[in-house]
Every structure is written in C-alpha cells, then in structure tokens.
Amino acid sequence: MFELLGDWKRTDYCGSLGIKDLGREVILMGWVHSKRDHGGLIFVDLRDREGVVQIVFNPQVSKESHTKADLLKDEWVIAVKGTVVRRPDETINPNIKTGEIEVIARELRILNRSKVLPFPVEDEIKVDELIRMKYRFLDLRRPVMRKNLMLRHEVMRATRSYLDSKGFIEIETPYLTRSTPEGARDFLVPSRLNPGEFYALPQSPQLLKQTLMISGFDRYYQIVRCFRDEDLRADRQPEFTQIDLEMSFVTEDDVIEVVEGMIKAILKATKGVDIDIPFPRMSYDEAMLRYGTDKPDIRFGLELHDITEVFRNSEFKVFSDPVKKGGIVKAINLKGKAQHLSRKELDELTEFAKSLGAKGLAWIRVSGDEWQSPITKFLSEHEKKELKRLLTIEDGDVIFFGADTSYTVNLVLSNLRLRLGNRFNMIEQNRFAFLWIVDFPLLEFDKTENRYVTMHHPFTSPKEEDIELLDTEPEKVRARAYDIVLNGVEIGGGSIRIHRSDIQRKLFERIGLGEEDAKKKFGFLLEALEFGAPPHGGIALGLDRLTMLLAGASSIRDVIAFPKTQKGFCPLTEAPSPVDPKQLLELRIRVDVKER
RNA sequence: GGGGCCGUAGUUCAGCCCGGUUAGAACGCUGGCCUGUCAAGCCAGAGGUCGCGGGUUCAAGUCCCGUCGGCCCCGCCA
C-alpha cells in the first residue's frame, strides 16, 4: 500500500499556493487534513506547515488516483501531482488562505498512514492537556500551536538581530555549573568523576555574565535555558528560557533604553505593531499603593485606595484591630455595577478572598441613598462620610474592603481587582501595556530566617545616596533594580550590579553572610571583583512569558514545544523515570525511596 | 505543605444530590450510498476497567475512606 517518493520533488507548500500559481503543475506533500467523499468527486484538504489547500480527485481526470484517494484517512501522508486551477466562483472558500484555488490531482502517492487520532488536528479543541502532551507530536500539528512556535522563533530572531545591531556578543555559559544558595532550589547533576559531588543546573547565568563584564566583553547576551526546581504554575516551568544581557559602563537608563528598543523591534517583527517608547515607569511603592502588586496590569483602572486612617480609631473592630496591629485597610470601588452583582456572586467573591488568605470580604452595594451591606450598621456617620469622599461613592457602586496585614490586603485586593476586571470586561484586549517598576527596596526582612534578605539578588547595587542607610534603616535602602511588566505579567527584571568588593562585602554582612561563607559560595566572583571590575548592569527577560503574551496564550506551555505537567512530568517522554541500578552504582548514589 | 475544580466510549460531556432495568448524547470511528464539498449529506453499525484500592449495602458510576493523576491558585519561585 505504501509508495515511495521516487523522483518526486516537492515544488510548493500547500499553504503558499494562490492565484499567482494558476495553471502550474505542482507536486505537494503533506497530511490529509480532511476528506469529503462524494462518491464521484473526492475532496481532500492537504496540510503542511504553511497551511491547507483543497485537492480534487476526479475519476474523469485520473481513475487510478481517484480509486486510491478513496482509501485516504485523516493524517495520512501523501504526495500529489496536479494542476492549480481557479475554483468555480460559487465554490470559493473565503475562510482559508488558498480558498480561491484548488489542485486537480492527476497522480497520488500514499507515503504513510496514521492510526485513528486521539483528538482532531484543529485549533479549537477541548481536550485534557495531559492527552495533548502525551500526543504532543499531534498537538503541534494544530495550526495554532505551529503559529505559536513560529512566533517564538520570530521573537528570538528579532532579539538576536537587534542585539547584534547594538554590538552585543552572544556567549554561551555552562549548564553544568556550581550550586548557589540564595534563590531557587537547584537541579543537581551527580558527577561520576567526583563521587559524592554535584553540579547544579543554572538558575540563570547571573554570576558568569558578570564575570564576562569583568573580562571586558562590554556587551553580552544569550538566549539561554534556566532551571529552577520549584513548584509549577501556568507561567512557570522547571526549565525556561531567558533573554539574558549585561552591559558595562552603564546606568539604569542605558539598560532600559536597550530593552525598550529591543521590545519595539520584537513587536514590529512579530505583530507588525509600532509601540511607543519609552515605557512608563512607576515606583515600587506607588505600584503597591495603587495596585497592591509589583506587577500591575495598567490596562484598566479599578485601583486600590488606602483608607487606613479612617479606621485607625474606629469602633468597628474588624477594621480597627488590624490597623492597631500595624496592618492596613484598603478598598476598591467597582463603579456602577451594583445591579450586576448578585448576592450569590458576592458570596463567591468572598470565598475567593478567603482562598487567598483573607478572613472575609466586606462589601457595600450602593442603591440610591441606601448602603446594602452587612457592615454598614457598624460604621459611624463620620466614617461613612469619609468613605464617600475618599472613594467618590455614588449610586450603583460596589465597594470591597480588605483589612489585615498589608501583605494580605494587597494580595487579596490585587487579585480581586484582576478578577473583577475580567468579569466586567474592563481589560482592553489586543493592547500591549508595558511598564517599568523601579525603586525597589534592596532588602526585606525575612521573619522565618530572622534576617534581612535581598529582594532581587545579592549582587544588586544599592542607590548610592542610600548606602549609609544600610546600617541604620536597611529596609529604606533602595535598589538600582528594575522590573518590566507587560499586561500584569512580570516579563523581566534586572539591576545595576555591585562592582566594588567593599560594598559587596558590606552587603553580605548585612544579610548575615559571613566572609568565609560568602567566599565559599561566590568565591570566584568576589575574587574577580578585586581585579578591576567595571561598573555594569543588565537584565533577563522571560522569553516564554513574552511569547505567551504576544501569542495571546494563557500558559507558557502553549509556547513551549515539549512542556511538563504541574508535577514536572513529561507525558511524551515519561521523564523523570527510575534509572538502571548500574547507573546509580557508577555515580555512587543510593536511593532512599520505598518501592511503590 | 495547603485550598479549589475535575477524572464515565477514541474525544468532550450528561448521569452522581435522591443507590435499583440493557450506563446515554454529540463528535470521532467502521460499512454502504452519493460529481462541487469545505462542520459535506443520507442509511446502518461497532465501541465502556465509570482513574485505582478498600468499605457500607440485598444492590455502588452514584454513599464513605484512602490513593493516583490533570488544571487553577496560596506557600515557594534571589
């Protein structure tokens, strides 16, 4: 049944044919996307990576190919020799790119067949992701997935082309490297030649790219795989790709300018969109105040309002108690939606708030002069007046409150804001809202470890004017760090680094890292800093997240060819897996896990 | 580590609350008819470890316990 290609050479991609090809004799090769058998005529949509074209098998043209075409099933692989003709007017299909033409088949070669599919090769499918991943080779045949991976390719191409034009040099750094503390959990790789010792896969090439600056390369970049052994999310895989870059003799503005130019080039190349640069900047403090998060989606309003002062001495304990313990009270005013939020929905929102750690969710529904709410009766006239003023409350509004630690209030209300924004279609789709977050705190106090830890990483430079605060008010020291946010997703972050060993030492001291410890952990970088390190800084962008947003996908799994499930399992390769005891013996590793 | 939703035909789901005939539907699949379809159409048909294990019961897809797996989130992710 199978036939050979023989001397046939493909002349065109199915999806590239058009009116320009009328009358041409073509040889096409691809997959049977669908077959419509009319007994007399047989129509086959033939698909390759560029698209679909209709093949017509007519017994009056070729009895033999018509008979063979009768056998065809979905996803069989065939080669067709035929002529490109214009379709009869009434049969033109405006839904496909090649809809004005069709190919009259004169010869057919069946190259391979296919088992019946677990799911159709179409864009709009409702199939469990586990099945999609197990049959990833079929999933990737779906045009939307093919487009996503092609988009990813374009992003990488535009990145390389732009950075090359700006004098950046792509340098590879090792994947087998040294475990570093302070950060994510490492993936470890045992060393056979050094039993009992381990390499770590890099969480990012941070230390080595700084080393390259010290080596004088001046401008480095790399599109590089990074590994972090942490729990997965829709936007987090254990291995992911960064656009990593570093520059010497620069300030924050220099790095930001390069990134803005690069992103502009990427959007132009991939979406044909001209975006405005520079991007707006917002301080960390302002972002936390107005949005309750350091990665605000600024495509819509619905901002948070701090009303802590109104309730500092309130009789209403639910609000005043948290304030007395150092917490805050904030509110969101959902304008004019009182009629659109049922009691049931308010209850669901309360459950949502609780799932994020809130004790409850206070709300007020404003109907005329009446405030419908379980809490109104506890509010004084003065408090009501203040609320009305601060939140500009009007008829039809719905107010949501959070009163707790600042952490919980911001977490709950920022997520509530996103949920309400989606629920009421307040978020402008098809818009790319970039935003820089700047002036991050350098340090934050870690209660569980009872010490200050760096918010970014321990090589981030403090602002010069804040250095003296390191000893007195560490939490007030601002970092020379910057994050870039797109539509509420953090797509990158970087900083100007510490290039002087005295300051580096001081910072290690501040985070409770002794000299010996520091040497053991970052020895080579500390040493390199002693040999003429230039001022330098850089950034790393999440290629997967950026591509996801450009693709309009809701998970980075949809822009990664072979992703893993939430448990870090690859259903296609079935990794991870037990290994041969011989391998373990060689590595001098004994496994301490009970057999299932 | 924790919270939520889910697991029934190849696929997507209904049935589960309130236990009781032969577990249904759609798409897909198989066979037949059909010369302008493109979600082709018409006729006929096949297809089930109700995730897995245990328990309750005369009887379990349905109730209970445990377990495995998927998705979303919190923690975690410098």
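In the text below, chain A, chain B and the rest are named by the order of the sequence lines, each starting its count at 1.
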With P as the reference atom in both, quote the distance from B/rC29 to B/rU21 in angstrom, rounded to an integer. 33 Å
Picking from [options], which would you name as closest to the side chain of [X]?
X        : options                : result
A/Leu130 : B/rG69, B/rC76, B/rC71 : B/rG69
A/Lys126 : B/rU12, B/rC71, B/rG36 : B/rU12
A/Phe43  : B/rC77, B/rU37, B/rC71 : B/rU37
A/Asp231 : B/rU37, B/rC71, B/rG1  : B/rG1

Whole Å only: how far is the NZ atom of A/Lys567 from the P atom of B/rC6? 21 Å
Length of the line joining A/Glu351:CD and B/rG4:P, which is rounded to integer Å: 9 Å
Are any protein N/O atoms closer than 3.5 Å to N/O atoms in nucleotides 39-43 of chain B? If there are, list each pair with its distance.
from	atom 1	to	atom 2	distance (Å)
B/rA40	N6	A/Asp37	O	2.6

Sugar-phosphate only, base, or nothing, as touched by [X] at under 4.0 Å among non-hydrogen atoms:
X        : result
A/Asp128 : sugar-phosphate
A/Thr460 : nothing
A/Lys73  : sugar-phosphate
A/Arg233 : base
A/Glu102 : base
A/Thr565 : sugar-phosphate
A/Gln206 : base

Would A/Gln54 and A/Arg36 count as a side chain to side chain donor-acceptor pair (under 3.5 Å) here? Give the steps. CA-CA 10 Å; A/Gln54 175 163 283; A/Arg36 293 172 295 281; 2.9 Å; yes
Kindly indicate whether a cation-pi arrangement holds for A/Arg419 with A/Phe352, taking the cut-offs as under 6.0 Å to the six-membered ring centre and within 45° of the axis. yes
Parallel under 30°, tilted from 30 to 60°, perpendicular over 60°: which one fits the rings of A/Phe459 and A/His457? tilted
If the plane angle is over 60° it's perpendicular, under 30° parallel, otherwise tilted; pick one for A/Phe522 and A/Phe508. parallel
Under a 4.0 Å N-O cut-off, is there an ion pair linking A/Glu75 with A/Lys115? no
Comparing A/Arg185 and A/Ser554 on RNA chain B - which has the more 5′ nearest nucleotide: A/Ser554
Closest-nucleotide mapping onto RNA chain B: is A/Gln60 or A/Ile92 further toward the 5' terminus? I mean the 5' end. A/Gln60
Find every protein N or O atom lying less than 3.5 Å from an N or O atom of nucleotides 8-10 of chain B, and list the pairs.
from	atom 1	to	atom 2	distance (Å)
B/rG10	O2'	A/Pro118	O	3.4

Could you check A/Glu246 against A/Tyr221 for side chain to side chain donor-acceptor pair (under 3.5 Å), going step by step and ending with a plain yes or no? CA-CA 6 Å; A/Glu246 196 79 4; A/Tyr221 84 99; over 6 Å; no
Passing candidate, ring-ring contact (aromatic ring centres under 6.0 Å, His included) with A/Tyr284, options A/Tyr482, A/Phe440, A/Tyr291: A/Phe440
Does B/rC72 have OP1 or OP2 under 4.0 Å away from a side-chain N or O of A/Arg557? yes
With side chain to side chain contact (heavy atoms under 4.5 Å, CB included) as the test, would you mind laying out the steps for A/Arg47 and A/Val121 before giving the verdict? CA-CA 10 Å; A/Arg47 187 193 72 242; A/Val121 177; 3.6 Å; yes
